[in-house]
Amino acid sequence: MRLRNRPGRRIGAVMFGAFALALGQLGDRTVLAVLAKSLLLTLALFAVLGVGVWWGVDALLATWTWHGALASAAALVVTVLALWLLFRAVAIAVVGVFADDIVAAVERKHYPAALASARAVPVTRSLAMGLRSAARFVAVNLLLLPLYLVLLATGIGTAAAFLAVNAWLLGRDLGDMVAARHLPAEEMRAWRGATQAKRFLLGLAGTGLFLVPFLNILAPVIGAAMATHLFHRSRT
């Protein structure tokens with residue numbers, strides 16, 4: 001007796017294939033260039049934050065004997081906490097500025113027909129999308145912070161809620177990076193509605209990568225490449 005091809009099994013196979021193809025293209029010059037630029041810019045932003053905190057605390061405590069040491073300690077603590085809590089938001093916002101290069105590289109190799117009809121996303125629009133992405137991440141997670149705290153009593157509830165919420169957010173962000181090249185703005189909402197399950201799984205995979213040390217550095221570019229494969233494979 002032949003087993004039916006269930007939609008869930010098909011989506012899982014497409015996800016695994018997209019992940020494998022994204023990993024296989026990590027050595028691409030364009031992808032490596034975007035990885036280097038986005039990582040340097042991300043770290044530079046956190047460094048600016050650290051310097052700003054140091055300057056502010058040093059100026060505030062200028063009359064204290066140990067103001068320099070206190071400012072250094074405060075800058076270190078704030079920067080480490082920011083890296084831990086906000087790395088995903090900043091990294092996705094930054095890679096969004098260069099995402100067009102990654103998407104184009106994937107399309108050039110795997111979907112040349114789609115590349116021929118694609119529209120380059122202006123830097124201003126990419127920047128606006130990235131800033132909205134970071135703002136959504138911070139706003140939604142702050143809004144749900146009371147829920148996260150209540151769910152601590154369940155043991156795994158907080159982690160499950162955090163993963164689900166951020167999978168939804170990240171799936172939207174990564175999907176929009178690709179769809180913006182191929183769909184008019186007025187069609188984006190309908191496309192999001194029709195691809196919710198795929199984008200949620202994409203976001204879940206990306207959020208999982210962000211939680212793994214060292215792999216979290218690669219998560220934004222892997223996610224953008226996976227999103228490209230999922231976008232085009234869902235249209236065939």
Side-chain angles (χ1 to χ4, degrees), residues 31-102 121-152 158-159 161-163 165-170 172-174 176-177 203 206-224:
V31 175
L32 287 174
V34 170
L35 177 62
K37 288 187 293 186
S38 59
L39 183 58
L40 287 173
L41 182 53
T42 299
L43 293 177
L45 289 173
F46 283 109
V48 169
L49 171 65
V51 171
V53 170
W54 181 90
W55 182 86
V57 173
D58 189 62
L60 186 64
L61 305 178
T63 58
W64 290 34
T65 304
W66 299 99
H67 63 90
L70 290 170
S72 298
L76 179 62
V77 170
V78 170
T79 303
V80 170
L81 282 174
L83 274 167
W84 179 44
L85 296 172
L86 298 175
F87 179 78
R88 177 266 190 232
V90 176
I92 288 296
V94 169
V95 86
V97 177
F98 308 112
D100 221 38
D101 293 340
I102 297 177
V121 180
V123 174
T124 51
R125 186 179 179 189
S126 295
L127 183 58
M129 289 170 62
L131 291 174
R132 284 197 297 269
S133 164
R136 271 195 303 270
F137 174 84
V138 173
V140 170
N141 281 285
L142 282 178
L143 184 65
L144 293 176
L145 185 58
L147 175 63
Y148 293 157
L149 294 175
V150 169
L151 290 175
L152 282 172
T158 299
F162 179 85
L163 280 173
V165 168
N166 288 282
W168 167 64
L169 290 170
L170 185 57
R172 170 177 173 143
D173 296 337
L174 293 173
D176 283 3
M177 289 178 188
T207 301
L209 289 174
F210 270 109
L211 297 176
V212 181
F214 301 111
L215 274 182
N216 57 357
I217 295 172
L218 302 174
V221 295
I222 292 176

What are the two closest non-hydrogen atoms of [X] and [Y], and how far apart are they?
X	Y	answer
P213	L211	CD-O, 3.6 Å
M177	G96	CE-CA, 3.8 Å
A219	G206	CB-O, 4.3 Å
G50	T79	CA-OG1, 3.2 Å
L49	A82	CD2-CB, 3.5 Å

Working to the nearest 0.5 Å, report the span between [atom1] of [X] and [atom2] of [Y].
X	Y	atom1	atom2	answer
L45	L86	CG	CG	11.5 Å
D58	L70	CG	CG	9.5 Å
L215	L209	CG	CG	6.0 Å
L170	L163	CG	CG	11.5 Å
L35	D101	CG	CG	13.0 Å
R132	D176	CZ	CG	8.5 Å

For this session: Report the residues that fulfil side-chain hydrogen bond (donor to acceptor under 3.5 Å, both in side chains) with W54, sequence neighbours left out, ordered by chain and then residue number.
Result: S72
For this session: Kindly say whether F98 contributes a backbone atom to a donor-acceptor pair with the side chain of D100 at under 3.5 angstrom?
Result: no
For this session: Check whether any side-chain N or O of T42 sits under 3.5 Å from a backbone N or O of S38 as a donor-acceptor pair, and report yes or no.
Result: yes
Using side-chain heavy atoms (C-beta onward) and a distance below 4.5 Å, is [X] in contact with [Y]?
X	Y	answer
I92	F137	no
L169	N141	yes
L41	V97	no
L39	I217	yes

For this session: Test side chain to side chain contact (heavy atoms under 4.5 Å, CB included) on R88 and T207 and set out the steps.
Result: CA-CA 8 Å; R88 177 266 190 232; T207 301; 5.7 Å; no
Seminar exercise, completed: Those residues at least two apart in sequence (or on a different chain) that pass salt bridge (charged side-chain N to carboxylate O under 4.0 Å, His left out) with R136 are D173
Problem set entry | Parallel, tilted or perpendicular, as decided by the 30° and 60° cut-offs, for the rings of F46 and F87 | parallel
For this session: Go through the steps to decide whether L149 and L152 satisfy the test side chain to side chain contact (heavy atoms under 4.5 Å, CB included), and finish with yes or no.
Result: CA-CA 5 Å; L149 294 175; L152 282 172; 4.0 Å; yes
